[in-house]
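To keep things clear, I will list the structure first and then write my remarks on it.
Convention: sequence-line order gives letters A, B, ...; per-chain numbering from 1. Note that this is a predicted model, so its numbers are computed, not measured.
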Protein chains: 2
Amino acid sequence: MRIIGGKWKGSILWHLKEGPVRFNDLTRMLGGASKKMVNQRLKEMEAQGLLVRTVLNDRPIAVSYTITEFGRSSLAILEQLKYWAEKHDI
Amino acid sequence: MRIIGGKWKGSILWHLKEGPVRFNDLTRMLGGASKKMVNQRLKEMEAQGLLVRTVLNDRPIAVSYTITEFGRSSLAILEQLKYWAEKHDI
DNA sequence: CTGGATCCGTATTGATACTG
DNA sequence: CAGTATCAATACGGATCCAG
């Protein structure tokens, strides 16, 4: 729970499933999360090895986040959780 | 995550796996959780249908908590989470 | 564009003492 | 035994402004 619990981590991993996503795009995808929150979670998750931060460019700065194999393995658990939740209508 | 997330819910369900447990016993099993915390979680979890509260006696009052089928179904997810966590040494 | 810094209100948690 | 009441500490969350 310390690794994948909380309000946003699951959603972030979910949105990284198809490939790298940039910071602002991710913030928009999460609709409702402030940039501060997204940034805090991303830092935690990078430290935990769930994703990798990549600087694409300086001036203008561009950054993307990519899910790691470890992150992908946690996604498998999250998908089962999702299936369980839907089955019980929650 | 709203249902089984948080700091104590998983542990509470885990300890109810083998059968009904009484309030103080449960508090001791959770070592470190105050009675207030345990009680708050138990109330939530009863409202969510994860467990049932049963009054065994008045004077001296005795109460036990029993996991429901729904609670047991969530335990299956938690066990997979546990397996995943151990596999990755967390 | 990607954040950092700050402020501020709310939620969660914890320790302790108390009740029936 | 099974909680409740109270108070203090901390974490969390959002809004806003600023910077490279």
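Closest of all the heavy-atom pairs between A/F70 and A/G49 is CD2-O, 3.5 Å. Smallest separation of non-hydrogen atoms from A/A62 and A/R22: CB-NH2, 3.4 Å.
The side chain of B/R22 contributes an N or O atom lying less than 4.0 Å from OP1 or OP2 of D/dA2. Here B/R53 does not reach the OP1 or OP2 of D/dA2: none of its side-chain N or O atoms lies under 4.0 Å away.
Listed candidates were D/dA2, D/dG3, C/dT2. Nearest to the side chain of A/V63 is C/dT2.
B/K82 and B/E79 are not joined by a salt bridge, as no carboxylate oxygen comes within less than 4.0 angstrom of a charged side-chain nitrogen.
The closest side-chain heavy-atom distance from A/T27 to A/M37 is not below 4.5 Å. Side-chain atoms of B/L50 and B/I67, non-hydrogen and from C-beta on, never get closer than 4.5 Å to each other.
Across all strands, A/N39 comes closer than 4.0 Å only to sugar-phosphate atoms, never to a base (heavy-atom distances).
Look at CG on A/D25: it is 10 Å from C1' on C/dC1, rounded to the nearest Å. As rounded to whole Å, 11 Å separates atom C1' of D/dA2 from atom CG of B/L42. Distance B/N24 CG to D/dG3 P: 9 Å, rounded to the nearest Å. As a whole-Å value, the separation of A/D58 CG from C/dG3 P is 12 Å. Between the CZ atom of A/R2 and the C1' atom of D/dA11 there is a distance of 16 Å, rounded to whole Å. A/Q40 has its CD atom 12 Å from the P atom of D/dA11, to the nearest Å. What separates CG of A/N57 from P of C/dG3 is a distance of 13 Å, to the nearest Å. Nucleotide C/dT13 holds its C1' atom 9 Å from the CZ atom of B/R41, rounded to whole Å.
Both the sub-6.0 Å distance and the 45° axial angle are not jointly satisfied by B/K87 relative to the ring of B/W84.
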Where protein sits on nucleotides 14-20 of chain C, one letter per nucleotide: B base, S sugar-phosphate only, - none, heavy atoms under 4.0 Å
BB----B
Report the C-alpha separation of B/K35 and B/Q40 in whole Å, then their side-chain angles, then the decisive distance to 0.1 Å, and conclude whether the side chain to side chain donor-acceptor pair (under 3.5 Å) test is met.
CA-CA 8 Å; B/K35 290 195 291 179; B/Q40 282 182 3; over 6 Å; no
